[in-house]
Protein chains: 2
Amino acid sequence: MGFREDVKKIKALTDENRLAIMLALQHGEKCGCDLLEELNITQPTLSHHMKILADSGLVDYYKEGKWMHYSISADGVREFREMIGSYARCDCETDESVSCGCKEKK
Amino acid sequence: MGFREDVKKIKALTDENRLAIMLALQHGEKCGCDLLEELNITQPTLSHHMKILADSGLVDYYKEGKWMHYSISADGVREFREMIGSYARCDCETDESVSCGCKEKK
DNA sequence: TATAAACATAGATATATTTCAATGTATCAA
DNA sequence: TTGATACATTGAAATATATCTATGTTTATA
């Protein structure tokens, strides 16, 4: 099972600061210094979070001189949502023939 | 910001066993004993994970005699995906006028 | 070259999470 | 009533995570 990679990607969104960063990037790219002003965290902490978001594929980045520019990855977002959808889904027409073994234990 | 609750919900899917449980429930409800047979974990560990999934709203349950019956919550899944989509999204037509402050520092 | 700015890395600490063994509770059956 | 089954709770141990301070690296500028 390749759950480990998916868990790692989903963990990108399990931190309040990283959620705030995703919202901050929704209207276009920003550099690290801009993000630092919006979030009450230190620069090393921001660096830590941006690495996690970039590794997940949700955030793209490029370096321009001294500045790192971050933006939401449209492809990353699409793939992320598809991946989430593969777990957060249900076959709503429940097939009783595959229901649980307790039925037979009665 | 109400990020804390969303982080808590997203954490429901950041464990390999809980992802396996979501897949195991995709074709209909199952009782705890069935899930125990599929997952190489102890009963208290399963109980722990089911509580987290139920608290997130992704999984419904009811008790029937000795047995707990678990199933995917269609409403929970829909709300979960909408919540994820509020963070994993981008306004793809980037408005340059709102780009980051570094532009002016040059 | 020397300095400053932006960012990354290393190390330490506090907290959170996963897991299990042991035990408790509720339900059913003999 | 007694024993067995299914599940929950408690407490402990190992691991992971978030955060900071201190420091290193890269780039631009005086």
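Note that this is a predicted model, so its numbers are computed, not measured. We name chains A, B, ... by the order of the sequence lines, and we start the count at 1 in each one.
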| request: Calculate the interatomic distance between A:Lys63 atom NZ and C:dA8 atom C1'; express it in whole Å. | output: 9 Å
| field | Length of the line joining B:Glu37:CD and D:dC7:P, which is rounded to integer Å | value | 11 Å
| field | Lys/Arg-Asp/Glu bridge criterion (N-O < 4.0 Å) met for B:Glu38, B:Lys30 | value | yes
| query | B:Glu64 has an atom CD; how far is it from atom P of D:dC7, in whole Å? | reply | 11 Å
| request: Could you check which of D:dA28, D:dC7, C:dC7 has an atom nearest any side-chain atom of A:Lys66? | output: D:dA28
| field | Gap between atoms CG and P, on B:Leu46 and D:dT9 respectively (whole Å) | value | 13 Å
| A:Ile52: side chain to side chain contact (heavy atoms under 4.5 Å, CB included) partners, not counting sequence neighbours | A:Ala12, A:Arg18, A:His48
| message | Restricting to side-chain hydrogen bond (donor to acceptor under 3.5 Å, both in side chains), what partner residues turn up for A:Asn17, sequence neighbours left out? | response | none
| task | Check the distance between D:dA6's C1' and B:Tyr70's OH and give it to me in whole angstrom. | result | 10 Å
| task | Would you kindly check whether a donor in the side chain of B:Gln43 faces an acceptor in the base of D:dA6, or vice versa, at under 3.5 angstrom? | result | no
Strictly under 3.5 Å: I want the nitrogen or oxygen pairs between protein and nucleotides 17-19 of chain C, one per line.
{"residue": "C:dT17", "atom": "OP1", "partner": "B:Lys11", "partner atom": "NZ", "Å": "2.8"}
{"residue": "C:dT18", "atom": "OP1", "partner": "B:Arg18", "partner atom": "NH1", "Å": "3.4"}
{"residue": "C:dT18", "atom": "OP1", "partner": "B:Arg18", "partner atom": "NH2", "Å": "2.8"}
{"residue": "C:dT19", "atom": "OP1", "partner": "B:Asn17", "partner atom": "ND2", "Å": "3.1"}
{"residue": "C:dT19", "atom": "OP2", "partner": "B:Asn17", "partner atom": "ND2", "Å": "3.4"}
{"residue": "C:dT19", "atom": "OP2", "partner": "B:His49", "partner atom": "NE2", "Å": "2.4"}

| task | Specify the separation, in whole Å, of atom CG of A:Leu39 and atom C1' of D:dC20. | result | 16 Å
| said: Distance check needed: C:dA29 C1' versus B:Trp67 CH2, whole Å only. | reply: 11 Å
| Are any of the side-chain heavy atoms of B:Ile21 and B:Leu39 separated by less than 4.5 Å? | yes
| query | Is the closest side-chain donor-acceptor distance between B:Tyr62 and B:Glu29 under 3.5 Å? | reply | yes
| message | If you count every heavy atom of other residues, nucleotides or ligands that lies below 6.0 Å from B:Glu82 atom CD, does the total exceed 12? | response | yes
| field | Length of the CG-P vector between A:Leu53 and C:dA8, whole Å | value | 12 Å
